[in-house]
Amino acid sequence: MNASGEHLEYVNTLHNIIFSIILIICCIGAPLNGIVIWLLGFQIKRNPFTVLIVNLAIADFGFLIFMTIYCIAIFIGFIQSGIRWEIFFSLFSVTYISSLFLLTAISIDRCVSVLFPIWHRCSRPKYLSPAVCTFLWIFSSLLIGIHYIMQHLFWNLHLVVTAVLCLPLMTTSTVILFIKICLKSKQMKRGRLLVMILITLLCFLILNLPFYFYVFITHFLLEENFVNIFELSVYLCPSASLNSSVNPVIYFLVGRKKKARSRESIKVVFQRVFREDEAPETR
């Protein structure tokens, strides 16, 4: 009994430490994504690519807000099981899944711009980005609805679907962009936009691959339909929160000039990194 009690106390302590760290990350990441939404949505001229980035920032902002509420609920317990919890978890999941789908769409968009530059610049439908964003938000919501309908058959359906759809596409996009950047000689200009997207995708893969390996092993190798909630929280929450918080930092670091003598405003930095058309590459 003593050993069992000590183990339970250890688990609770570890749980509290993990969610305290997550709460700090969320409190930093949510305002940063809010800045991205404000600048790209209202202060900087939009283009098809920034439409995708704004929607990604909205999804990340929403996810971090819900994660903050979830962390506070862990300590205070003000969200009880029932209808309120189901609504909260639905919104929480929709923002998380939308973020993954939007990041996948962004990676595909950049790969198309690299592999088919003429079509992407001249023949790309004008309203393709808003249409894609709308579809992905609706699809994420429907996926959560299907998840609740099939809950008794497959508890983590939405996680498996995102793993099957998003991971292969993002991994392939990362490899293509990495090859594209590495093949350019030192005399040729490497676009900030490609570098920024590559770093964003690498961060996603580094932070989330361990979690999805866990889901894959659990569902397909061990053939378990149910996952321990504590283990799921330990794997998913820290990686997802950090991934949603790090993107604005990547945008800023890639966009700023290394040898700038005076401090540039964030708006100027974002205007530089999110230019739709890079300057012509010269030797």
Side-chain angles (χ1 to χ4, degrees), residues 29 33 36 48-64 93-117 120 124 128-129 131-133 135-140 143-144 156-183 190-220 235-251 253-254 273-274:
N33 279 284
V36 174
F49 183 69
T50 57
V51 170
L52 293 172
I53 293 293
V54 167
N55 277 269
L56 175 63
I58 292 172
D60 286 339
F61 178 81
F63 172 77
L64 292 170
S93 300
V94 167
T95 53
Y96 172 71
I97 295 171
S98 296
S99 177
L100 294 186
F101 284 147
L102 287 163
L103 187 56
T104 304
I106 289 169
S107 67
I108 294 173
D109 178 81
R110 287 303 94 187
C111 281
V112 172
S113 72
V114 165
L115 299 175
F116 310 101
H120 188 271
R124 187 175 187 267
L128 180 61
S129 291
V132 168
C133 292
F135 170 77
L136 292 179
W137 281 105
I138 294 174
F139 181 66
S140 301
L143 187 59
I144 294 301
N156 284 304
L157 172 67
H158 58 297
L159 293 178
V160 176
V161 170
T162 52
V164 171
L165 291 179
C166 297
L167 280 184
L169 290 172
M170 277 196 269
T171 303
T172 303
S173 301
T174 302
V175 172
I176 292 173
L177 293 177
F178 182 78
I179 293 174
K180 174 67 176 178
I181 292 174
C182 289
L183 286 180
R190 291 178 171 85
R192 292 178 186 269
L193 203 55
L194 288 183
V195 174
M196 182 267 289
I197 295 302
L198 178 60
I199 295 174
T200 302
L201 292 175
L202 285 174
C203 285
F204 170 82
L205 293 176
I206 292 171
L207 292 171
N208 290 276
L209 271 182
F211 166 71
Y212 279 106
F213 278 133
Y214 167 74
V215 173
F216 176 81
I217 291 171
T218 302
H219 283 286
F220 293 102
Y235 279 99
L236 172 62
C237 295
S239 60
S241 301
L242 190 56
N243 183 72
S244 295
S245 301
V246 76
N247 290 339
V249 178
I250 296 173
Y251 306 157
L253 293 178
V254 175
V273 75
F274 286 113

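Hydrogens, waters and symmetry mates play no part in the numbers below; they use all other heavy atoms, side chains included.
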>> Rounded at 0.5 Å granularity, tell me how far CZ in R110 sits from CG in L194.
In response: 7.0 Å
> To the nearest 0.5 Å, what is the distance between CD1 (I197) and OG1 (T174)?
Replying inline: 10.0 Å
>> Name the residue from L52, L56, I58 that meets the side chain to side chain contact (heavy atoms under 4.5 Å, CB included) definition with V54.
In response: I58
>> Does any part of the side chain of K180, heavy atoms only, come nearer than 4.5 Å to the side chain of L115, both counted from C-beta?
In response: no
>> Quick check against the 3.5 Å criterion: does N243 have a side-chain atom that pairs as donor or acceptor with the backbone of S239?
In response: no
> Hey, what do you get for CZ (F63) to OG (S93), rounding to the nearest 0.5 Å?
Replying inline: 9.0 Å
Could you pull out all donor-acceptor pairs under 3.5 Å where a side-chain atom in residues 100-107 meets a protein atom, sequence neighbours excluded?
unit_1: T104; atom_1: OG1; unit_2: L100; atom_2: O; d: 2.8
unit_1: S107; atom_1: OG; unit_2: T104; atom_2: O; d: 2.6
unit_1: S107; atom_1: OG; unit_2: S173; atom_2: OG; d: 3.4

> So which pairs with a foot in residues 194-206 pass side-chain hydrogen bond (donor to acceptor under 3.5 Å, both in side chains), sequence neighbours left out?
Replying inline: none
> For V254 and R192, which heavy atoms make the closest approach, and how far apart are they?
Replying inline: O-NH1, 2.7 Å
> How far does CG of N247 sit from CD1 of I53, to the nearest 0.5 angstrom?
Replying inline: 7.5 Å
>> Give me the atom names and distance for the closest heavy-atom approach of S245 to V249.
In response: O-CG2, 4.2 Å
>> Measuring from atom CZ of F49 to atom OG of S113, what distance do you get when rounded to the nearest 0.5 angstrom?
In response: 8.5 Å
>> Run the ring pair (Phe, Tyr, Trp, His ring centres under 6.0 Å) test against F204 and tell me which residues pass, sequence neighbours left out.
In response: none
>> As a quick check of understanding, evaluate side chain to side chain contact (heavy atoms under 4.5 Å, CB included) for N208 and L167, giving each step before the final call.
In response: CA-CA 9 Å; N208 290 276; L167 280 184; 5.7 Å; no
> Just by modelled atom types, is the T95 backbone N or O under 3.5 Å from a matching donor or acceptor in the S99 side chain?
Replying inline: no
> So which heavy atom on L136 is nearest to which on S140, and how close?
Replying inline: O-OG, 2.7 Å
>> Less than 4.5 Å apart, side chain to side chain, heavy atoms only: is that true for N55 and W137?
In response: yes
>> Within this structure, what is the CG-CG distance for the pair L202 and L177, rounded to the nearest 0.5 Å?
In response: 9.0 Å
> Strictly by modelled atom types, are R124 and S129 linked by a side-chain donor-acceptor pair under 3.5 Å?
Replying inline: yes
